[in-house]
Undergrad: 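To start, I am sharing the structure in question, which I have written as structure tokens.
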Amino acid sequence: MKLYLKVLFGLAIVVATVSTQNNNCKLTGNSLDNLNSIQRQCTEIVIENFTVPANGTLLLTRLQNGTRIIFRGIIRFEYEEWNGDFIVVSGSNITVIGEPGHLFDCHGERWWDSFGGNGGKLKPKFFKATNLNYSTVTGLNVRNTPKHVFSVTYCNHVVFSNIIIDNLDGDTRGGHNTDGFDLNNSNDITIQNSSVVNQDDCLGIGSGTNCNFFHNYCSGGHGISISTVVENVHVKNCTVVNSENGIRIKTAVNATGHVLDIKYEDITMRNITNFGILVRGDYLNSGPTGHPTAGVIIRNFTLNNIHGWVREYAVNVFVLLADGVASDWKWTNVSVTGSILNNFTCTGVPPNSGVEC
Ligand SMILES: *[C@@H]1O[C@H](CO)[C@@H](O)[C@H](O)[C@H]1NC(C)=O
Ligand SMILES: *[C@@H]1O[C@H](CO)[C@@H](O)[C@H](O)[C@H]1NC(C)=O
Ligand SMILES: *[C@@H]1O[C@H](CO)[C@@H](O)[C@H](O)[C@H]1NC(C)=O
Ligand SMILES: *[C@@H]1O[C@H](CO)[C@@H](O)[C@H](O)[C@H]1NC(C)=O
Ligand SMILES: *[C@@H]1O[C@H](CO)[C@@H](O)[C@H](O)[C@H]1NC(C)=O
Ligand SMILES: *[C@@H]1O[C@H](CO)[C@@H](O)[C@H](O)[C@H]1NC(C)=O
Ligand SMILES: *[C@@H]1O[C@H](CO)[C@@H](O)[C@H](O)[C@H]1NC(C)=O
Ligand SMILES: *[C@@H]1O[C@H](CO)[C@@H](O)[C@H](O)[C@H]1NC(C)=O
Ligand SMILES: *[C@@H]1O[C@H](CO)[C@@H](O)[C@H](O)[C@H]1NC(C)=O
Ligand SMILES: *[C@@H]1O[C@H](CO)[C@@H](O)[C@H](O)[C@H]1NC(C)=O
Ligand SMILES: *[C@@H]1O[C@H](CO)[C@@H](O)[C@H](O)[C@H]1NC(C)=O
Ligand SMILES: *[C@@H]1O[C@H](CO)[C@@H](O)[C@H](O)[C@H]1NC(C)=O
């Protein structure tokens with residue numbers, strides 16, 4: 001009996017090993033037809049030299065617990081004007097891996113018209129993580145997305161690491177709203193060791209708690225931004241260059257919410273065109289109003305060891321908040337220089353905060 005069980009067990013292992021390397025678990029070519037059966041059968045899925053058809057989504061939302069998804073070779077996307085997502089991933093305990101040498105070659109220039117998500121052609125987003133928990137996404141190499149790159153919504157305990165986003169061509173060819181990472185309704189998200197070259201927020205947090213952004217490089221975009229309902233964000237050891245802003249908190253006019261327990265440390269910025277550090281309560285997508293409203297409090301906001309320079313006609317540090325909105329700020333070892341403007345007067349800075357502007 002014992003021997004019989006052992007043999008059976010051994011067989012099971014052999015079968016399992018074979019099935020994970022089986023071509024039935026590989027997606028190549030350009031058809032999404034087998035995607036559901038692959039997700040039912042396989043806990044290791046290889047997606048190799050695949051072209052996602054027009055209007056199609058690589059919908060990885062029926063994954064078994066513990067599935068590994070491996071991208072290999074060149075992944076391409078056929079052209080269509082639409083508002084969907086190229087890739088959607090949901091599940092628990094999922095590992096998404098980009099193998100060395102792979103590339104998501106999105107050819108966003110087919111969509112770019114400088115309107116981004118605000119008009120012109122409808123454009124798909126690159127990667128939506130939604131209802132993804134206790135998972136990691138690592139090593140993805142992404143080039144020239146039509147608009148937003150990673151949208152993270154309703155996710156918990158997800159780590160993104162060693163991601164390279166290169167939307168550099170968008171600078172000269174009409175890339176817009178190419179946000180690197182957008183977080184909403186998500187908790188315990190870590191983004192680390194990644195590089196984002198784009199034309200909008202490097203990191204944008206709309207809502208969420210416990211977000212870490214460590215050891216990242218941001219170039220060309222709008223900086224590291226936080227908006228309306230956000231708690232406990234830690235940004236450490238990041239570099240922001242050639243961007244509109246370095247560090248930004250922007251809360252919308254008439255919004256209600258709170259921005260609590262925010263810490264940025266060891267940040268270097270260079271060649272910033274608008275604001276080195278910006279905290280404003282008058283934000284509107286169509287342009288800030290100049291009149292901050294008092295519905296969003298900003299409490300326990302720490303900056304430590306922040307260095308760098310902005311361009312002559314940019315502003316080093318600017319705070320524009322309604323009275324009483326800000327409290328418990330602690331800024332130490334902050335040195336942002338370069339501006340020759342002296343007509344920006346900060347309002348709403350809490351006393352004894354170390355803020356100089
Ligand atoms: C993917 O493309 C690479 C490079 O052209 C090639 O070496 C590899 O065999 C291709 N894989 C498949 C499954 O076609
Ligand atoms: C994409 O979907 C739209 C709307 O259903 C359709 O009009 C269009 O022909 C589709 N495009 C392709 C290339 O299949
Ligand atoms: C997560 O998935 C791995 C396989 O990738 C598995 O070994 C592990 O047991 C899973 N963890 C949980 C908590 O289910
Ligand atoms: C992920 O976690 C959320 C919140 O706990 C839960 O609602 C959702 O069902 C989980 N998703 C999966 C795929 O387990
Ligand atoms: C799936 O994975 C999570 C960890 O991510 C674990 O807590 C849970 O128990 C697993 N569920 C099943 C049905 O294995
Ligand atoms: C990320 O980078 C840090 C600092 O260079 C390093 O200590 C850490 O091991 C890296 N982590 C990953 C997951 O690559
Ligand atoms: C999520 O948050 C960002 C802010 O960073 C915002 O731009 C985006 O529109 C929000 N919504 C969704 C669904 O991603
Ligand atoms: C800071 O991040 C850079 C990558 O941008 C990394 O090379 C370096 O090791 C990190 N430093 C520390 C102290 O973690
Ligand atoms: C500053 O950024 C601009 C693009 O915004 C670039 O052309 C210029 O070379 C950069 N200057 C330095 C000193 O990095
Ligand atoms: C904000 O609210 C005030 C008072 O209700 C209103 O007059 C104003 O138009 C609102 N502003 C915006 C940008 O919605
Ligand atoms: C302030 O925020 C930090 C995280 O940025 C947190 O560790 C600390 O406990 C908070 N302090 C208070 C008094 O809430
Ligand atoms: C400050 O002066 C600059 C340069 O003259 C001008 O472009 C800008 O609009 C002024 N800003 C404010 C807030 O007055």
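Values reported hereafter were calculated over all heavy atoms of this structure, with side chains retained and with hydrogens, waters and symmetry mates removed. Predicted, not measured: the structure shown is a model, and the values here were computed from it. Atoms within each ligand, like the ligands themselves, are counted from 1 in listed order.
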Undergrad: May I have the step-by-step check of side-chain contact (heavy atoms from CB on, under 4.5 Å) for Ile249 and Phe301, ending in yes or no?
TA: CA-CA 10 Å; Ile249 298 179; Phe301 176 32; 3.7 Å; yes

Undergrad: Looking at Gly206, which atoms of ligand 7 are within less than 4.0 Å of one of its heavy atoms?
TA: 2 (O), 4 (C), 5 (O)

Undergrad: Ring pair (Phe, Tyr, Trp, His ring centres under 6.0 Å) with Trp111: which of Tyr79, Trp82, Phe126?
TA: Tyr79

Undergrad: Pairing donors with acceptors under 3.5 angstrom, does anything connect the side chains of Ser161 and Thr138?
TA: yes

Undergrad: Under 3.5 Å, N or O to N or O, is Ser151 touching ligand 7 that way?
TA: no

Undergrad: Using a heavy-atom cut-off of under 4.0 Å, does the side chain or the backbone of Asn93 touch ligand 5, or both, or neither?
TA: both

Undergrad: Under 3.5 Å between any N/O of Asn162 and any N/O of ligand 6: does that happen in this structure?
TA: yes

Undergrad: Within 4.0 Å of atom 9 (O) of ligand 7 (strictly less), any protein heavy atom?
TA: no

Undergrad: Would you check the N or O atoms of Ser161, main chain and side chain alike, for any that come under 3.5 Å of an N or O of ligand 6?
TA: no

Undergrad: Show which atoms of ligand 7 fall inside a sub-4.0 Å distance from at least one heavy-atom site of Ile205.
TA: 5 (O)

Undergrad: Numbering the atoms of ligand 5 from 1, which are under 4.0 Å from a heavy atom of Tyr134?
TA: 5 (O)

Undergrad: Which of the atoms in ligand 7, numbered in the order shown and given with their element, are less than 4.0 Å from a heavy-atom of Gly204?
TA: 5 (O)

Undergrad: Classify the side-chain pair Glu48/His102 by whether it contains a donor and acceptor separated by less than 3.5 Å.
TA: no

Undergrad: Give me the ring orientation class for Phe160 and Phe127: parallel if the planes are under 30° apart, tilted from 30 to 60°, perpendicular past 60°.
TA: perpendicular

Undergrad: Assess the side chains of Ser225 and Asp201: does a donor N or O sit below 3.5 Å from an acceptor N or O?
TA: yes

Undergrad: Quick check on atom 5 (O) of ligand 5 - does any protein heavy atom sit closer than 4.0 Å to it?
TA: yes

Undergrad: Does NZ or CZ of Lys236 lie under 6.0 Å from the centre of the six-membered ring of Phe214, at an angle within 45° of the ring axis?
TA: no

Undergrad: Hey, is the main chain of His176 close enough, under 3.5 Å, to the side chain of Thr178 for a donor-acceptor pair?
TA: no

Undergrad: Distance only, no hydrogens: is a donor on one side chain within 3.5 Å (strictly under) of an acceptor on the other, for Asn237 and Asp266?
TA: no

Undergrad: Specify the protein heavy atom at minimum distance from atom 2 (O) of ligand 5: its residue, its atom name, and the distance to 0.1 Å.
TA: Asn65 ND2, 2.7 Å

Undergrad: Could you check atom 1 (C) of ligand 6 against the protein and tell me its nearest heavy-atom contact, residue, atom and distance included?
TA: Asn193 ND2, 1.5 Å

Undergrad: SG-SG distance between Cys238 and Cys218 under 2.5 Å?
TA: no

Undergrad: What is the nearest protein non-hydrogen atom to atom 13 (C) of ligand 6, stated with its residue, atom name and distance?
TA: Gln192 NE2, 3.6 Å

Undergrad: Contact between ligand 7 and Leu183 is defined here as a heavy atom of the residue under 4.0 Å from a ligand atom; is it met?
TA: yes

Undergrad: Could you say whether the N/O atoms of Asn184 and ligand 7 ever approach to under 3.5 Å?
TA: yes

